[in-house]
Amino acid sequence: SLFLEGLHPESLLSERLQVLSSAQRDLLLLAALSERPMDAATMAALGERRGVDDLIELERHGMLRSSLAGWRISHDTVAENAIRLAGPEARRSAHQRLGEMQLIASPDNAALKTAMEHFGEARDLDQQRAVALAWLSRRRAEGDERSIRALLAELLGPYRDESRLRDLQ
């Protein structure tokens, strides 16, 4: 029992994540940052190596799990560690790819909001402006007559602040 007291599950998990290949860590990061499960083809297309072997290996190690809905991270602790271990550029790149995937996969209102969150995290102002324009066009086509500011505030949700509203107008 004295041996077990010295073990910290989080440090053991960090060590397990560090020995993964960069492609496997990239897939874990994508799954950690994604708000919903992704199918194998999407995960593979977004990943570094463009294959499903890494997904299967990560599932075998208990870091990802698959279901009918798709692939997702197995536990919040895995997600937190994958995000923490990734550098800022890796996180920015993953958010960029996830935002682009949202626009391609299903450009409905929910996908536009999710894409905006990812592009905000990636700090891609051009893509944020493109999403804002698509959002405003869609909302006007649906008959929404609120002000542009109100519509942009709805799009940004909890990520709304004065400087972002000003940048998008």
Side-chain angles (χ1 to χ4, degrees), residues 1-125 127-128 130-131 134-135 154-161 164:
S1 96
L2 187 58
F3 172 73
L4 293 177
E5 288 175 13
L7 294 178
H8 299 286
E10 201 159 302
S11 65
L12 292 174
L13 178 59
S14 286
E15 288 175 21
R16 285 180 63 202
L17 292 174
Q18 289 175 3
V19 299
L20 296 173
S21 71
S22 65
Q24 290 169 333
R25 283 193 307 272
D26 185 57
L27 287 171
L28 274 181
L29 180 59
L30 289 165
L33 296 174
S34 178
E35 296 180 1
R36 57 182 75 134
M38 290 187 282
D39 62 67
T42 301
M43 286 287 286
L46 291 174
E48 286 180 7
R49 288 195 342 191
R50 314 259 189 259
V52 295
D53 293 344
D54 288 324
L55 293 172
I56 294 166
E57 187 69 16
L58 289 168
E59 182 180 40
R60 193 172 70 72
H61 288 292
M63 295 182 187
L64 285 182
R65 65 174 190 229
S66 64
S67 68
L68 292 174
W71 292 86
R72 74 173 335 135
I73 204 89
S74 63
H75 194 275
D76 289 345
T77 306
V78 175
E80 291 164 5
N81 276 276
I83 292 168
R84 185 176 49 75
L85 288 173
E89 181 54 31
R91 288 191 298 270
R92 190 207 63 71
S93 171
H95 277 296
Q96 185 75 30
R97 288 177 282 153
L98 287 166
E100 291 167 359
M101 187 260 318
Q102 288 295 316
L103 296 180
I104 293 167
S106 60
D108 58 12
N109 286 348
L112 287 174
K113 284 183 172 186
T114 302
M116 180 60 88
E117 291 171 19
H118 286 299
F119 290 136
E121 292 292 334
R123 308 222 187 299
D124 186 334
L125 189 55
Q127 285 285 29
Q128 290 177 63
V131 170
W135 175 263
E154 178 186 16
L155 172 63
L156 293 171
Y159 298 93
R160 174 186 65 225
D161 64 39
R164 286 190 75 192

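The residues of the chain are indexed from 1 along the displayed sequence.
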Within the structure provided, determine whether [X] and [Y] are in side-chain contact (heavy-atom separation under 4.5 Å).
X      : Y     : answer
Leu20  : Met63 : yes
Leu64  : Ser74 : no
Glu121 : Arg92 : no

*side chain to side chain contact (heavy atoms under 4.5 Å, CB included) between Arg36 and Thr114: does it pass, once the steps are laid out?*
CA-CA 10 Å; Arg36 57 182 75 134; Thr114 302; 3.8 Å; yes
Minimum heavy-atom distance between [X] and [Y], given as atom pair plus value:
X      : Y     : answer
Pro37  : Ala69 : CB-O, 3.6 Å
Asp54  : Ser21 : OD1-OG, 4.4 Å
Ala115 : Gly99 : CB-O, 3.7 Å

Distance check, rounded to the nearest 0.5 Å: [X] atom [atom1] versus [Y] atom [atom2]?
X      : Y      : atom1 : atom2 : result
Met43  : Ser34  : CE    : OG    : 8.0 Å
Gln102 : Glu117 : CD    : CD    : 9.0 Å
Arg65  : Arg72  : CZ    : CZ    : 6.0 Å
Leu98  : Leu30  : CG    : CG    : 5.0 Å
Glu80  : Leu85  : CD    : CG    : 11.5 Å

*Note: Arg97-Glu100 ion pair, threshold 4.0 Å (strictly below)*: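 Looking at Arg97 and Glu100, the cut-off is not met.
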Please answer whether the main-chain N or O of [Y] pairs with a side-chain N or O of [X] as donor and acceptor at a distance below 3.5 Å.
X     : Y     : result
Asn81 : Thr77 : yes
Ser66 : Trp71 : no
Arg91 : Ile83 : yes

*Could you go step by step and tell me if Asn109 and Leu155 meet the side chain to side chain contact (heavy atoms under 4.5 Å, CB included) rule?*
CA-CA 9 Å; Asn109 286 348; Leu155 172 63; over 6 Å; no
*asked:* Could you tell me if Gln96 and Arg123 have a donor-acceptor pair between their side chains, going purely by distance under 3.5 Å?
replied: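 No, no side-chain donor-acceptor pair sits under 3.5 Å.
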*Given Met38 and Met101, is the side chain to side chain contact (heavy atoms under 4.5 Å, CB included) satisfied, shown in steps?*
CA-CA 10 Å; Met38 290 187 282; Met101 187 260 318; 3.7 Å; yes
_Chi angles and distances behind the side chain to side chain contact (heavy atoms under 4.5 Å, CB included) call for Leu29, Leu33_ = CA-CA 6 Å; Leu29 180 59; Leu33 296 174; 3.8 Å; yes
